[in-house]
Amino acid sequence: MAYQYILDGIYNEVIQIENTGKVADYIPELAKIDANKYGIALVDKHQNVFTKGDALEKFSIQSISKVITTSLIFSKIGNDLWERVGYEPSGNSFNSLVQLENENGIPRNPFINAGALVVADLMLEHFENPKAFLLDFVRELTENPNINYNENVAQSEKAFGYRNAALVNFIKSFGNIKNEPVAVLDFYYHQCSIEMSCVDLAKCFQVFANNGVIPKSDKKFLSTSKCKRMNALMQMCGFYDQAGEFTFKVGLPGKSGVGGGVVAVFPNHYTVAVWSPKLNKKGNSFYGLETLERLTTETSLSIF
């Protein structure tokens with residue numbers, strides 16, 4: 001497959017489209033990003049890397065980090081995870097409180113904010129120094145020792161994270177948060193502040209395209225069954241209440257973040273990451289979705 005030729009063509013097409021999205025300015029640090037950035041990176045099953053545009057520039061991965069923390073906890077405690085959080089699409093906004101009341105503090109899935117906060121609580125419970133452990137793991141997956149948290153972004157989220165504070169306290173009232181809310185929020189804001197480039201992100205998600213095996217080390221991180229379930233979660237829940245449309249148009253498991261990043265997985269073939277900070281009304285990268293729809297259309301390859 002002539003991936004570089006395909007990426008070049010897609011980039012040149014998409015950049016001509018009027019981007020009607022808006023940068024996530026409710027997090028002040030994210031509002032400072034150049035809204036016109038646009039990068040693509042694809043890593044194939046042989047670990048060849050193909051790039052276009054701003055693919056080497058780092059950005060805050062935000063909710064994409066939820067896939068990584070969920071997979072870490074799933075690998076650690078197995079199906080016990082699903083006693084604390086569900087695995088169904090939410091149909092609501094990523095920061096909604098609505099369903100928690102009716103569902104007794106059990107979030108619908110780990111990729112909405114409520115579910116990610118429960119996973120953050122589990123990270124504090126099962127790892128002695130979860131922030132250091134998470135960073136080391138991400139560095140291993142990306143093969144980049146320079147991956148770090150962006151403290152300015154973490155503090156910016158903390159300063160304006162009133163809804164997340166409400167969520168974690170509300171869930172704790174049902175007994176589904178075990179640690180102190182302040183500690184849970186601190187970990188959560190830091191995981192969202194991790195900075196990667198499109199190349200880093202595509203490499204990071206290769207484990208999900210490789211049946212749970214970390215490609216360079218051949219270390220088995222997730223069983224084939226657990227990897228299948230992580231990909232299913234991304235397929236059903238990875239794009240908030242636009243997951244159905246993403247499946248319909250793109251046909252790959254993936255995850256978005258309000259930093260403008262999007263990553264998608266084609267098992268046994270490739271991973272692809274796109275960064276463009278302007279978001280559509282559902283909170284997903286406008287150019288990111290346009291790019292991935294064209295990729296699966298032009299290659300005639302998707303999981304469906």
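As the structure is a computational prediction, the values presented were derived from the model and not from experiment. Values reported hereafter were calculated over all heavy atoms of this structure, with side chains retained and with hydrogens, waters and symmetry mates removed.
The existence of a salt bridge linking Glu245 and Lys282 is excluded, since no basic side-chain nitrogen approaches an acidic carboxylate oxygen closer than 4.0 Å. Ionic pairing of Lys58 and Asp200 is not present here: no N-O contact between side-chain nitrogen and carboxylate oxygen is shorter than 4.0 angstrom.
Seen from the ring of Tyr240, Lys255 counts as a face-on cation partner, given the 6.0 Å and 45° thresholds. Both tests hold for Lys76 against Phe127: distance to the six-membered ring centre under 6.0 Å, angle to the ring axis within 45°.
For the pair Phe266 and Ser302, the minimum side-chain heavy-atom distance is 4.5 Å or more. By the 4.5 Å heavy-atom criterion applied to side chains, Glu140 and Lys219 are counted as neighbours. The side-chain heavy atoms of Phe74 and Arg229, taken from C-beta on, include a pair separated by under 4.5 Å. Between Leu141 and Lys203, every side-chain heavy-atom pair lies at or beyond the 4.5 Å cut-off. Between Leu135 and Lys131, every side-chain heavy-atom pair lies at or beyond the 4.5 Å cut-off. Here the side chains of Asp34 and Asp54 are not in contact, with every heavy-atom distance at 4.5 Å or above. Side chains of Ile27 and Phe160 form no contact here, defined as non-hydrogen atoms less than 4.5 Å apart. In this structure, Pro267 and Asn211 have side chains that are not in contact, with every pair of non-hydrogen atoms separated by 4.5 Å or more.
With sequence neighbours excluded, the residues that form a side-chain contact (heavy atoms from CB on, under 4.5 Å) with Val168 are Leu117, Ile177, Pro181, Val184, Leu185.
For the residue pair Ser156/Tyr189, the side-chain donor-acceptor check at 3.5 Å is not satisfied. When only modelled atom types and interatomic distance are considered, Glu157 and Asn164 share no side-chain donor-acceptor pair under 3.5 Å. Checked by atom type, the side-chain pair Glu29/Asn152 shows no donor-acceptor distance below 3.5 Å. For Glu57 and Ser197, the side-chain atoms include no donor-acceptor pair closer than 3.5 Å.
A continuous path of Ile, Leu, Val, Met, Phe, Trp and Tyr side chains, each step under 4.5 Å between heavy atoms, connects Ile77 with Val85, placing both in one hydrophobic cluster. Val263 and Val199 sit in two unconnected hydrophobic clusters of ILVMFWY residues. Membership requires side-chain heavy atoms under 4.5 Å apart, directly or through other members.
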- request: Could you go through the side-chain contact (heavy atoms from CB on, under 4.5 Å) check for Glu195 and Phe59 one step at a time?
  value: CA-CA 5 Å; Glu195 289 190 317; Phe59 59 92; over 6 Å; no
- prompt: Going through the checks in order, is the side-chain contact (heavy atoms from CB on, under 4.5 Å) test met by Val265 and Met234?
  reply: CA-CA 9 Å; Val265 175; Met234 283 191 271; 4.3 Å; yes
Tyr188/Thr69 under side-chain hydrogen bond (donor to acceptor under 3.5 Å, both in side chains): CA gap, chis, key distance, verdict: CA-CA 10 Å; Tyr188 176 69; Thr69 53; over 6 Å; no
query: Between Leu42 and Val49, does a side-chain contact (heavy atoms from CB on, under 4.5 Å) hold up when you go through it step by step?
result: CA-CA 6 Å; Leu42 185 149; Val49 179; over 6 Å; no
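Here NZ of Lys228 is found 9.5 Å from OG1 of Thr224. Values are rounded to the nearest 0.5 Å. We find the CG-CG distance between Asn104 and Asn176 to be 10.0 Å, quoted to the nearest 0.5 Å.
Using cut-offs of 30° and 60° on the angle between ring planes, the pair Phe137 and Phe133 is parallel. Using cut-offs of 30° and 60° on the angle between ring planes, the pair Phe205 and Phe208 is tilted.
Annotation for Pro107 and Ile112: closest pair CB-CD1, 4.4 Å, computed over non-hydrogen atoms. Ile68 and Cys204 make their closest contact through CD1-SG, 3.8 Å (heavy atoms, listed as atom of the first residue, atom of the second, distance). Pairing each heavy atom of Ala55 with each of Ala41, the nearest pair is CB-CB, 4.3 Å. Scanning all heavy atoms of the two residues, the minimum distance from Tyr270 to Leu301 falls at OH-O, 4.4 Å. Nearest heavy-atom pair across Ser63 and Ser256 is CB-O, 3.6 Å. When all heavy atoms of Gln191 and Ala120 are compared, the closest pair comes out as OE1-CB, 4.5 Å.
By the 6.0 Å contact criterion, NZ on Lys158 is open, its count of non-hydrogen atoms from other residues, nucleotides or ligands being 12 or less. Around atom NZ of Lys172, more than 12 heavy atoms belonging to other residues, nucleotides or ligands sit under 6.0 Å away. When the shell of 6.0 Å around NZ of Lys249 is examined, it contains 12 or fewer heavy atoms from other residues, nucleotides or ligands.
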Side-chain donor-acceptor distances from residues 9-19 under 3.5 Å, at least two apart:
from: Asn12; atom 1: ND2; to: Asp8; atom 2: O; distance (Å): 3.1
from: Glu13; atom 1: OE1; to: Arg294; atom 2: NE; distance (Å): 3.1
from: Asn19; atom 1: OD1; to: Gly21; atom 2: N; distance (Å): 3.0

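For residues 114-124, the set of pairs meeting the side chain to side chain donor-acceptor pair (under 3.5 Å) definition, not counting sequence neighbours, comprises Arg84-Asp121, Asp121-Asn179.
Between Trp82 and Tyr87, a ring centre-to-centre spacing shorter than 6.0 Å is recorded.
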